[in-house]
Structures are given as C-alpha cells and as structure tokens.
Amino acid sequence: MGRFDGRVAVVTGAARGIGFGTATRFAEEGAAVAILDLDESSAADAAARLGEGVRAVGVGVDVADADQVEAAVQRVVDELGGLHILVNNAGVTRDNLLFKMTEQDWDVVMGVHLKGAFLMSRAAQKHFVAQKYGKIVNLSSTSALGNRGQANYSAAKMGVQGFTRTLGIELGPFGINVNAVAPGFIATEMTDATATRLGMGVEEFRELNAQHNPVRRVGYPADIAAAVAFLCSDEGSYITGQTLYVDGGATLV
Ligand code: NAD
C-alpha cells in the first residue's frame with residue numbers, strides 16, 4: 001500500500017530537477033503522475049523514466065498561458081481519470097541587479113511563478129471542489145526573504161507565500177490543503193546554471209553553498225520531494241496555508 005494509491009498527481013516543470021524528483025516520489029508511492037513542462041517530448045521522456053508499470057503522462061504546456069493550462073489539466077483528467085494533487089513547481093530565474101533588470105526579466109519571472117501557479121490552481125480547483133478533496137503545494141524559496149540580484153524572483157517567491165495563505169483560507173472548507181515548500185540550495189540544473197553565470201565550477205559552487213547552512217551539505221531533489229509528499233499525504237490534512245522551509249537550516253543563520 002502506497003500513500004498515494006488511487007491518486008492522480010500533477011507536477012509542473014517536472015521534466016527535470018526538483019519537479020522530476022517529486023514526480024518520482026509520487027510514482028514510487030502509488031500515484032498516477034502527469035509531468036507538465038514546456039516541451040512535450042521532454043515531458044514524455046521524463047514520464048517514461050518514472051518506470052515500468054507507472055501510469056504516467058507527459059504534457060507540453062506553458063503554465064503562464066491560460067488556454068494551454070486549461071487544456072493540459074483537462075487532458076490529465078481525461079487520460080489519468082481524475083486529479084487529486086497539484087504541485088506548482090515550474091520555475092525560471094532571470095537574475096540581475098535592479099539597475100540592470102529589464103522589464104522582460106521581471107515579467108517572465110512573475111509569469112511563470114505567480115501567474116503560472118494561479119492559472120494551474122484555478123484550473124485544478126474545479127475538480128478538487130467537486131470531489132471535496134485536493135492538495136496543492138507551491139514552490140517558494142529561501143530567496144523570498146531577500147537575495148541580492150533576485151528582486152524579481154524574491155518578490156515572486158514571497159508572492160507565492162501570500163497566494164498559498166489565501167488559497168488555504170478559501171479552499172479549506174472544501175477539503176483542500178494548500179501549502180508551500182521553500183527550498184534552500186538544491187543541486188539542480190537551475191543552480192548549476194547560476195554557478196556558470198558566476199564563473200564558478202558546479203562542484204565549487206555546491207561546496208560553497210554547503211558551508212552556508214548548519215547541516216553543511218547542499219539539498220537534493222529528494223529532500224524537497226519528501227516534504228512535498230508529506231504535505232500531500234493524508235497525514236498532513238490538518239496543515240494548510242503554511243510555508244515549510246527545507247533548507248538545511250540556512251535561514252536560521
Ligand atoms: P530547473 O530549472 O531544474 O527546472 C525547472 C523546470 O521548469 C524546467 O524543466 C523548465 O522547463 C520548467 N519550466 C520553466 N518555465 C516553464 C513554464 N512556463 N511552463 C512549464 N514549465 C516550465 O529548476 P529546479 O531547481 O528544479 O527548481 C524547481 C522549482 O523550485 C522552481 O520553482 C524553483 O524556483 C524552486 N527552487 C529551486 C531551488 C534550487 O536551489 N534549485 C531553490 C529554491 C526554490
């Protein structure tokens with residue numbers, strides 16, 4: 001018996017990184033999984049990598065596009081037979097100091113993180129409310145608390161926390177839990193790209209960041225997946241509107 005037997009989970013931005021790690025965890029615990037990502041073939045490849053016997057589908061969608069989101073969610077319901085869990089994980093960075101940040105840097109980051117989470121949650125809630133059951137987890141970040149060069153990303157990730165609290169209030173009476181997970185440094189292609197942009201080696205950058213938290217290691221997608229899975233399990237049903245920092249204690253110091 002898995003915790004998610006009979007459940008259908010949608011994870012956005014799940015072709016790689018934290019999203020793929022989370023999709024893997026849901027599949028291991030019995031869920032049927034929909035991997036949503038920008039490129040349909042990458043999403044389908046990732047769905048296939050979840051393993052034999054796993055009911056999974058890969059769907060190409062830009063989460064910042066309302067029509068594409070509506071179609072993608074309907075396709076998941078049609079192909080996997082329902083919808084119970086939504087993880088708003090898709091994300092991008094467009095880092096720059098304020099004086100160099102372009103309007104496009106701002107709009108792209110707001111579009112994917114904030115508008116994307118809004119559109120996906122709005123499309124999913126129809127199904128959740130009708131069945132009086134649903135779980136939403138939104139990906140925030142320790143950068144919500146402020147991070148040099150990330151005015152856009154920080155604003156979006158703190159916005160995600162306010163969005164989460166408000167949906168917690170609105171959707172709680174319908175049996176829907178809405179929470180956020182705020183990762184610290186997680187070893188993925190997103191942070192590898194930051195290393196490259198800063199002119200550092202990937203391992204050097206990870207080692208540097210490992211020294212910035214009390215547990216003295218970087219995080220991995222599985223660390224985030226474990227927290228997301230707990231919040232989406234029925235053991236977490238009295239928790240809503242919260243943001244759980246999963247950061248090796250980075251925000252303590
Ligand atoms: P990643 O760059 O490895 O993966 C992000 C995925 O999102 C990619 O597959 C990408 O194609 C997809 N995506 C981007 N824009 C999209 C769109 N418009 N529609 C659909 N899919 C889209 O990133 P990651 O490190 O795995 O991060 C996942 C989430 O966790 C993001 O929300 C990120 O902001 C957050 N986060 C990451 C870290 C970290 O250290 N890696 C820390 C805190 C928060």
Side-chain angles (χ1 to χ4, degrees), residues 1-37 39-61 63 72-73 75-91 120 124 127-128 131 133-140 176-192 215 217-239 242 244-248:
M1 271 289 286
R3 284 188 293 182
F4 302 110
D5 284 351
R7 304 288 186 217
V8 177
V10 171
V11 186
T12 69
R16 67 184 202 190
I18 292 170
F20 183 69
T22 302
T24 302
R25 182 73 190 244
F26 281 128
E28 284 169 354
E29 296 202 47
V33 180
I35 291 203
L36 272 52
D37 212 300
D39 176 51
E40 171 113 6
S41 67
S42 309
D45 283 354
R49 277 188 282 125
L50 292 175
E52 272 186 40
V54 175
R55 288 181 64 227
V57 62
V59 179
V61 59
V63 296
V73 169
R75 192 174 143 196
V76 172
V77 172
D78 292 344
E79 291 190 21
L80 295 179
L83 184 58
H84 307 96
I85 295 165
L86 166 65
V87 181
N88 285 311
N89 167 83
M120 285 296 306
H127 304 280
F128 292 170
Q131 69 200 8
Y133 183 93
K135 308 281 183 188
I136 300 176
V137 173
N138 301 313
L139 267 291
S140 179
I176 302 162
N177 299 80
V178 187
N179 291 290
V181 169
F185 186 99
I186 308 299
T188 68
E189 288 178 54
M190 180 181 274
T191 43
D192 291 352
V215 307
R217 70 166 175 89
V218 296
Y220 295 96
D223 292 309
I224 304 306
V228 172
F230 166 64
L231 290 168
C232 292
S233 75
D234 289 334
E235 292 168 296
S237 63
Y238 202 50
I239 305 171
Q242 303 304 306
L244 176 61
Y245 282 80
V246 182
D247 64 353

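This chain uses plain numbering: 1 for the first residue, then up along the sequence.
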What are the two closest non-hydrogen atoms of [X] and [Y], and how far apart are they?
{"X": "L36", "Y": "A72", "value": "CD2-CB, 4.3 Å"}
{"X": "A124", "Y": "L86", "value": "CB-CD2, 4.0 Å"}
{"X": "T12", "Y": "A90", "value": "OG1-N, 2.9 Å"}
{"X": "A229", "Y": "R25", "value": "CB-CG, 3.9 Å"}
{"X": "L80", "Y": "A56", "value": "CD2-N, 4.4 Å"}
{"X": "A15", "Y": "D37", "value": "N-OD2, 3.0 Å"}

side-chain hydrogen bond (donor to acceptor under 3.5 Å, both in side chains) contacts touching residues 49-58 (sequence neighbours left out): none
Does any non-hydrogen side-chain atom of [Y] lie less than 4.5 Å from one of [X]?
{"X": "L231", "Y": "I239", "value": "yes"}
{"X": "V8", "Y": "V76", "value": "yes"}
{"X": "S237", "Y": "K135", "value": "yes"}
{"X": "Y238", "Y": "N177", "value": "no"}
{"X": "I224", "Y": "L139", "value": "yes"}
{"X": "I35", "Y": "V57", "value": "no"}
{"X": "M120", "Y": "N89", "value": "no"}

Those residues that, when tested against [X], pass side-chain contact (heavy atoms from CB on, under 4.5 Å) (two or more places apart):
{"X": "T188", "result": "I18, I186, M190, T191, P221"}
{"X": "D39", "result": "S41, S42"}
{"X": "A227", "result": "V181, L244, V246"}
{"X": "D247", "result": "T142, Y245, A250, T251"}

Among all residues two or more places apart in sequence or in another chain, which pass the ring-ring contact (aromatic ring centres under 6.0 Å, His included) test with Y133? none
Which residues satisfy the ring-ring contact (aromatic ring centres under 6.0 Å, His included) test with F4, sequence neighbours excluded? F26
Sequence neighbours excluded, which residues qualify as side chain to side chain donor-acceptor pair (under 3.5 Å) partners of [X]?
{"X": "R3", "result": "E29, E235"}
{"X": "Q242", "result": "none"}
{"X": "E79", "result": "R75"}
{"X": "N88", "result": "S121, N138"}

If the threshold is 4.0 Å, N to carboxylate O, is there a salt bridge linking D45 and R16? no
Does anything in residues 39-58 form a ring-ring contact (aromatic ring centres under 6.0 Å, His included)? List the pairs, not counting sequence neighbours. none
To the nearest 0.5 Å, what is the distance between CG on N179 and CD1 on I136? 10.0 Å
Ignoring hydrogens and angles, tell me if any N or O in the side chain of E28 forms a donor-acceptor pair with the backbone of G2 under 3.5 Å. no
